[in-house]
Structures are given as structure tokens and as C-alpha cells.
Number of protein chains: 2
Amino acid sequence: MSDALRALASVDRTIHEPARLMIVSLLFLVKEADFLWLLNQTELTKGNLSAHLAKLEQAAFLQVDKRFEGKIPRTSYRLTPLGKRELARYRAAMRTALG
Amino acid sequence: MSDALRALASVDRTIHEPARLMIVSLLFLVKEADFLWLLNQTELTKGNLSAHLAKLEQAAFLQVDKRFEGKIPRTSYRLTPLGKRELARYRAAMRTALG
DNA sequence: CAGACAGGTTTGCAATGCAGACTGGTCTGT
DNA sequence: ACAGACCAGTCTGCATTGCAAACCTGTCTG
């Protein structure tokens, strides 16, 4: 089994999913974002986005920060260090795989 | 929506699946292969490999060539021109997405 | 007060990936 | 000749997904 194949066999499915790869890539660039912004950028449906965020949170790849600004709930999402590491690993794996 | 995101949103799920990406990558390199060889290279189970090959055939990304060599059935798999093009497109998309 | 919008969660459905059991045939050893 | 191993797959059943639409709570606007 070649390196390229080994790389593919070991990719993290959580990140590999295109919708989630969009999310983590965005968060990697902007550091922090809220739900609506992610919704607009990704063009996913709300339910879908919510589900993907939940999955990423469950994998501890992102951290949800809910707080109030006055009466308005302000939720922001950002990558955890683990999330950043996994994204880097994923990128490296895919680069290896794609030659 | 950035180019990177657009690229991700449009990836072909048939090829994106790691197991199938292994298969098409292998076939791209070797031009032609049989079931056992693919089985050994990918380390998938037979049922799994069979299902993925069927899906790739259904998408017209690969072509199955069954013939007899004496009494022994000799099946070989190879990419179609469409399969090669789609792999190229996928690679380009992922490179764009991963920066 | 009605309606729009933010910020999600819950539900239901169809498709998928996966492994293991099964089939049908050939080859090898005794 | 027969048992067992191997090749080449297919079939089946299961659990997990991804997806969209419906729903919910609360705020803000006209």
C-alpha cells in the first residue's frame, strides 16, 4: 500500500465531509463567526448547518460560545486547537493523496 | 462565497469518497487492474470493494472488461475518459479548496 | 399587534458505507 | 476422486449519514 493510499485510508471523515470542510476552513481563516454568517457563506440550510456544527462540536473540533449582549443572544463559533491540528493533518493527507 | 467554498460545494461525491478515490487513483496510475489486485492495494473487504466498483461503473467512471483466458474468467477494470476527466476536476477542486 | 428575522432544534426520509454470509467456479494436495 | 483453499464477486442486514422542511422561542419593526 502506497503512501497516497494510506493517507486516504486514514482521513478523518468528520472533516472530509465537504460541508464541514467548508465550515472549518472558514473558521480557520476568520477565527470566529456566528451562525448567520456561516449560513450565508456556506449556503447550507439551517437544519443542515446546525447538524454539522453539532457534529464538529461533538468531535471537539470547535467551541461554541453563547453569551448575551443585552437581551440578544450572541453565539460564536471558533476552532479549538484540536480542530486546527486536525485540519492541518487533513490538508497534509489530501495533498499527499493527490500528489 | 469564495472560490474555495464553491469548489467544495461542487465536489463530486462519487469520487470524494476515500475508498473510491483510492480506486480511481490506482486505476489512473496503472491503467488497468483486476479485482484481487485492487483488493490487496486498498485493503477493503470484498463486499465493500465490489459495491464501490459498482458505483463507479454506474457513474460511468470505469469500465469493466470481462473475458475468459482458457477456463479462467479474467475481469479487468479501467477508467473511462469521463472517469479521468472527473478525477482531474476533483483534484483541481480540492487543490483550490485546500489553498 | 402582525409579520419579519435571528438562532437554532427536532423530525422524517432516503441513501450510503461497511462487514459478513453466501455462491459458483478453479486449482492443489493426497 | 475428494477435501480444502483460493478467486471473484453478489447479496443481505445494519447502523450512520446528509439533507430539507417543519417547528419553536424570542426580538425587532412598522
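Remember, it's a predicted structure, so these values are computed and weren't measured experimentally. Chain A is the first sequence line, chain B the second, and so forth, proteins listed ahead of strands; every chain is numbered from 1.
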*Asks:* If I take atom CG in residue A:N40 and atom C1' in nucleotide C:dG8, what distance separates them, rounded to the nearest angstrom?
*Replies:* 15 Å
*Asks:* Ion pair present between B:D65 and B:R78, side-chain N to carboxylate O less than 4.0 angstrom?
*Replies:* no
*Asks:* Under 4.0 Å between any heavy atoms, over every strand shown, what does A:Y77 touch: base, sugar-phosphate, or nothing? Just pick one.
*Replies:* sugar-phosphate
*Asks:* Measure the distance from CG on A:L39 to C1' on C:dG8 and round it to the nearest whole Å.
*Replies:* 10 Å
*Asks:* Taking the side chain as C-beta and beyond, is there a heavy-atom pair between B:L53 and B:F61 under 4.5 Å?
*Replies:* no
*Asks:* Would you indicate, yes or no, if C:dG20 has its OP1 or OP2 atom less than 4.0 angstrom from a side-chain nitrogen or oxygen of B:K46?
*Replies:* no
*Asks:* Examine C:dG7: is either OP1 or OP2 under 4.0 Å from a nitrogen or oxygen in the side chain of A:T75? Give yes or no.
*Replies:* no
*Asks:* Closest nucleotide of DNA chain D for A:K71 versus for A:G47: which of these residues is on the 5' side?
*Replies:* A:G47
*Asks:* Could you say whether B:A51 or A:R13 is positioned toward the 5' end of DNA chain D, judged by the nucleotide with the nearest heavy atom to each?
*Replies:* B:A51
*Asks:* Below 4.5 Å, heavy atoms only, C-beta onward: do A:L87 and A:L21 meet side chain to side chain?
*Replies:* yes
*Asks:* Quick one: is B:T45 getting a side-chain N or O under 4.0 Å of the C:dA19 phosphate, OP1 or OP2?
*Replies:* yes
*Asks:* To the nearest Å, give me how far apart CG (B:L36) and P (C:dT26) are.
*Replies:* 18 Å
*Asks:* More 5' along DNA chain C: A:I72 or A:N48, using each one's nearest nucleotide?
*Replies:* A:I72
*Asks:* With a 6.0 Å cut-off (strictly less than), is the heavy-atom count around NZ of A:K71, excluding the residue itself, greater than 12?
*Replies:* no
*Asks:* Strictly below 4.0 Å: does A:R74 bring a side-chain N or O up to OP1 or OP2 of C:dG7?
*Replies:* yes
*Asks:* Return the orientation label for the A:F35 and A:Y77 ring planes: parallel under 30°, perpendicular over 60°, tilted otherwise.
*Replies:* tilted
*Asks:* I need the NZ-P distance between B:K66 and C:dG24, as an integer number of Å.
*Replies:* 15 Å
*Asks:* Distance check needed: C:dG17 C1' versus A:L8 CG, whole Å only.
*Replies:* 16 Å
*Asks:* Would you mind reading off the distance between A:H16 atom NE2 and C:dT16 atom C1', rounded to a whole angstrom?
*Replies:* 13 Å
*Asks:* Would you grab the first and last nucleotide of DNA chain D (5' to 3') that comes under 4.0 Å of any non-hydrogen atom in chain A?
*Replies:* D:dT17 to D:dC28
*Asks:* Whether A:K55 and A:E57 form a salt bridge (side-chain N of Lys/Arg under 4.0 Å from carboxylate O of Asp/Glu) is what I want to check.
*Replies:* no
*Asks:* May I ask you to check if A:R91 and A:F28 form a cation-pi contact, with NZ or CZ under 6.0 angstrom from the six-membered ring centre and within 45° of the axis?
*Replies:* yes
*Asks:* For A:D34 and C:dA6, give me the distance from atom CG to atom P, rounded to whole Å.
*Replies:* 10 Å
*Asks:* Would you mind reading off the distance between A:R67 atom CZ and C:dG7 atom P, rounded to a whole angstrom?
*Replies:* 11 Å
